[in-house]
Number of protein chains: 2
Amino acid sequence: MQEDGLGLRERKKRARRDALIDATHELVREQGLEQVTVEDICDRVGVSVRTFFNYFDSKIDAVFGVAPTTFDRQVAEVYATGGPTGDLATDTRTLVSALLEFPGPSKERVGVAIELMKVEPTLFSRHMELFDAIRQEMQSVIGRRLDRERAEAAARPELIAVAVFHIARCATTLWYEAGSAGHPRDYIDAAYRDLHTVLGPQPPPAS
Amino acid sequence: MQEDGLGLRERKKRARRDALIDATHELVREQGLEQVTVEDICDRVGVSVRTFFNYFDSKIDAVFGVAPTTFDRQVAEVYATGGPTGDLATDTRTLVSALLEFPGPSKERVGVAIELMKVEPTLFSRHMELFDAIRQEMQSVIGRRLDRERAEAAARPELIAVAVFHIARCATTLWYEAGSAGHPRDYIDAAYRDLHTVLGPQPPPAS
DNA sequence: GCGTAAACTTGCACATCGTGCAAGAAGATG
DNA sequence: CATCTTCTTGCACGATGTGCAAGTTTACGC
């Protein structure tokens, strides 16, 4: 056993995983996303393609450097039961924070992903794909709260979950563009303001 | 030459394309999206897999019944040059309308897609994928307008384009859930209201 | 109606991504 | 050190998607 109680195995796994992500980033930068094959990536790191898929579910997972992720169960449970404040918008904002607080890729890795997304537009929807599992969980949580509150609109859970994702994403981008100081959650207000600017005033109630 | 000036060729192409879409829908309903192969679809219609890909870029395109699409060039140009009203939020709303006005799948096909998305959650991000091309065009248009107005936020074009997409999507869902009478654009206000409910009041200006 | 050209289908080969399986190799443990 | 556990790897294969060219089906002009 060594530093942090990690055995040689675990240390090697982490290093290999990092190497695969780094190689993916280099190659995508050099050649473009569609031109880079999984085999290319593995050649550069010196592992087999079969091993690559032991680490990542897909090639795109390596681009984003994803680790299994979800969001805070406790936050979710509080939200589903009408908390923490009882105000939907305010409480939804805690979902945004929760998403941003959850351990994810490092600062550097986030920066790389953001830069790659600028030159590889298709990565945008791929990012949404990564969000699919969390979105479904989140929609379930949101649905429970809305059922409890007997809200009527069926589209709502999806819209809320999507808004959470995009606000979180926007906040992260703003944070990165501002130099990566502090934390993405510091930019949630700015993301909300951006969205309000786009939306304008609320339409009058339905007749 | 026959009805509508369409030759036998064109009529057969349309029928074949419709048949492929219908077969895709049936099979996905019966077996689930991931279980249905392109070969299954082609077997049901009686064409080769190679032909399938003459009609659709991907299997998912057949699920959504997509046709090449974009949005109104004239609307885009007006928006990019600061119009039609000069107010960003109001003008962005014309983008939503433009997206909903553009010829797309039939009413029935939209309904099928919405229903399939309920049982196949992964279709959500696939829908985003289909939006990728339009989104890039739209972001370009939005970027031109913002440059013209010297707006600072770099994330804005993407956020606006995404908001347009989701508002349009929400309006369509609300329209469908309300029985498909009228037109999805009749539900834009409702979609905006939903989003406002989620967002709550605008945060104070940055200090 | 016929000959020719254009458009389309299809078979084939192949690339790439992703998955299951099992043998062999590398750590961990007592 | 022996044994067990974990992981890598090679292999085979399925599914999606792409290029190419032969064969078939329409369209067109005479």
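Below, read A as the first sequence line, B as the second, and so on, with proteins coming before strands; counting in each chain starts at 1.
Seen from the ring of B:F124, A:R135 counts as a face-on cation partner, given the 6.0 Å and 45° thresholds.
Across the protein-nucleic acid pair, B:D43 atom CG and C:dT9 atom P stand 17 Å apart, rounded to whole Å. The CG-P distance, from B:D40 to D:dG14, rounds to 14 Å in whole Å. Between the P atom of C:dA25 and the CG atom of A:L8 lies a distance of 18 Å, rounded to the nearest Å. Rounding to whole angstrom units, CG of residue A:L27 and P of C:dT16 are separated by 14 Å. Atom CZ of B:R17 is separated from atom C1' of C:dC8 by 16 Å (rounded to the nearest Å).
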Check: Tell me, for nucleotides 16-21 of chain D in 5' to 3' order, what letter each nucleotide earns: B for a base near a protein heavy atom under 4.0 Å, S for only sugar-phosphate near one, - for neither?
Finding: SBBBB-
Item checked: Reading 5' to 3' through nucleotides 1-8 of chain D, protein heavy-atom contacts under 4.0 Å coded B for base, S for sugar-phosphate only, - for none -> ----BBSB
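Checked options A:T81, A:D91, A:T92; the residue passing with A:R145 is A:D91 (criterion: side-chain hydrogen bond (donor to acceptor under 3.5 Å, both in side chains)).
Of the charged side-chain nitrogens involved, none lies within less than 4.0 Å of a carboxylate oxygen, so that A:E77 and A:R73 do not count as a salt-bridged pair.
The salt bridge (Lys or Arg N to Asp or Glu O under 4.0 Å) search around A:E34 returns none, not counting sequence neighbours.
For CG of A:D87, the number of neighbouring non-hydrogen atoms (other residues, nucleotides, ligands) closer than 6.0 Å is greater than 12.
A:H196 and B:H196 have tilted rings, their planes meeting at an angle from 30° to 60° on a 0 to 90° scale. Between B:H166 and A:H166, the ring planes lie tilted relative to each other; the angle falls in the 30° to 60° range.
A distance of 11.5 Å separates OG1 in B:T51 from CZ in B:F56, rounded to the nearest 0.5 Å.
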